[in-house]
Each structure stands twice: as C-alpha cells, then as structure tokens.
Amino acid sequence: MGRDTIADIITSIRNVDMYKKETVRIASTNITENIVKILLREGFIENVRKHQESKKFFLVSTLRYKRTRKGVYGTILKRVSRPGLRIYSNYQRIPKILGGVGIVILSTSQGIMTDREARLKKIGGEILCYIW
C-alpha cells in the first residue's frame, strides 16, 4: 500500500500552522512540487527552496501569516479525495469555497491546477483539497 503524499503535505502544513512555526519541510515529488507551486502563486506560502539530504530531496517552505485584531491566523486545508474514495467533478460542478475566496486544487488531464484555471480551460478532474 502506497503513501498518501497529498495528505502528508496537508498534515505537515496544518501542524506547522497550529504551532505558529515559519518553515515546513515536505518530501519532494512531482505532485508535491506542483501543489507547493500553486500555494506559492496563490499567496499561502512566501517562498520555497529545494534542499537535499543524503540523496533525498525536500521542499522547505516558509508559510505566510495574516494579521487580524485578535492576532495571527493561518490557513485551513481540507483533504477531499483520498485513496479509498476518489471524488471527481466536471468543470461546471467544481465547488466554490467561501464564494470564490478559497481555492480548490484539482488533478486534471492537463496537470494539477486551481478551480479557476480548470473552469477557464473547461476541464474537470479529481478534487484533491480545499484551501481557505
């Protein structure tokens, strides 16, 4: 049985966010690199660098925190599709998170992309996670 790398990313980011740490270390694969690029482009991560330790590559990311009157709050990530239950959607039925404020990350036939990109290209796919 294989590992769920997407759930590992979400769990590690959620744990780092809960303890208000700045950096998170994620094992580097093609899927994780694409998801981290989306998070960087959407503004949830400040910067990313690739780090090698004993022939294994890791992505070291710095999380971006937003300030409110009550202090610092982070992002909320929710895994939707999982290895035991895959959730697919066509481009017309892709959910809008918080009325379009949050993003949905999808795995499509043209690669991993956000819900806005998938609607523009009119392609559906597997819903990986929600972020808001």
J.: Going by side chain to side chain contact (heavy atoms under 4.5 Å, CB included), name the residues that satisfy it together with R93, two or more places apart in sequence or in a different chain.
T.: S89, N90
J.: Would you mind writing out the side-chain donor-acceptor pairs for residues 100-111 within the sub-3.5 Å range, not counting sequence neighbours?
T.:
{"residue": "T108", "atom": "OG1", "partner": "Q110", "partner atom": "N", "Å": "3.2"}
{"residue": "T108", "atom": "OG1", "partner": "G111", "partner atom": "N", "Å": "3.4"}
{"residue": "T108", "atom": "OG1", "partner": "G111", "partner atom": "O", "Å": "2.6"}

J.: Taking side chain to side chain donor-acceptor pair (under 3.5 Å) as the test, write out the residues that go with N47, two or more places apart.
T.: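 For N47, the residues satisfying side chain to side chain donor-acceptor pair (under 3.5 Å) (neighbours in sequence not counted) are T62.
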J.: State which residues pass salt bridge (charged side-chain N to carboxylate O under 4.0 Å, His left out) with E46; sequence neighbours excluded, sorted by chain then number.
T.: none
J.: Check side chain to side chain donor-acceptor pair (under 3.5 Å) between T23 and all other residues, then give those that pass, not counting sequence neighbours.
T.: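 For T23 there are no side chain to side chain donor-acceptor pair (under 3.5 Å) partners, ignoring immediate neighbours.
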J.: Please name all residues satisfying salt bridge (charged side-chain N to carboxylate O under 4.0 Å, His left out) with K50, sequence neighbours left out, ordered by chain then number.
T.: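 Testing K50 for salt bridge (charged side-chain N to carboxylate O under 4.0 Å, His left out), a comparison that skips the adjacent residues, returns E33.
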J.: Identify whether the distance between the nearest side-chain nitrogen and carboxylate oxygen of E117 and R41 falls below 4.0 Å.
T.: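 Salt bridge: yes.
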J.: Output side-chain donor-acceptor pairs under 3.5 Å for residues 118-129, partner residues at least two apart or in another chain, one line each.
T.:
{"residue": "R119", "atom": "NH1", "partner": "D115", "partner atom": "OD2", "Å": "3.4"}
{"residue": "R119", "atom": "NH2", "partner": "I94", "partner atom": "O", "Å": "2.9"}
{"residue": "R119", "atom": "NH2", "partner": "P95", "partner atom": "O", "Å": "3.3"}
{"residue": "E126", "atom": "OE2", "partner": "S81", "partner atom": "OG", "Å": "2.6"}
{"residue": "E126", "atom": "OE2", "partner": "R86", "partner atom": "NH1", "Å": "3.0"}

J.: Just to verify, what does E53 make a side chain to side chain contact (heavy atoms under 4.5 Å, CB included) with, not counting sequence neighbours?
T.: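 For E53, the residues satisfying side chain to side chain contact (heavy atoms under 4.5 Å, CB included) (neighbours in sequence not counted) are R25, H51, F58.
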J.: Transitive ILVMFWY cluster of M18 at side-chain heavy atoms under 4.5 Å: who else is in it?
T.: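 ILVMFWY cluster around M18 also holds Y19.
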J.: With E22, which residues qualify under salt bridge (charged side-chain N to carboxylate O under 4.0 Å, His left out), at least two apart?
T.: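 So E22 forms no salt bridge (charged side-chain N to carboxylate O under 4.0 Å, His left out) with any residue.
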J.: Please enumerate all residues that pass side chain to side chain donor-acceptor pair (under 3.5 Å) together with S12, with sequence neighbours excluded.
T.: none
J.: Got a sec, which residues hit side chain to side chain contact (heavy atoms under 4.5 Å, CB included) with K55, two or more places apart in sequence or on another chain?
T.: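 Checked K55 against side chain to side chain contact (heavy atoms under 4.5 Å, CB included); zero matches.
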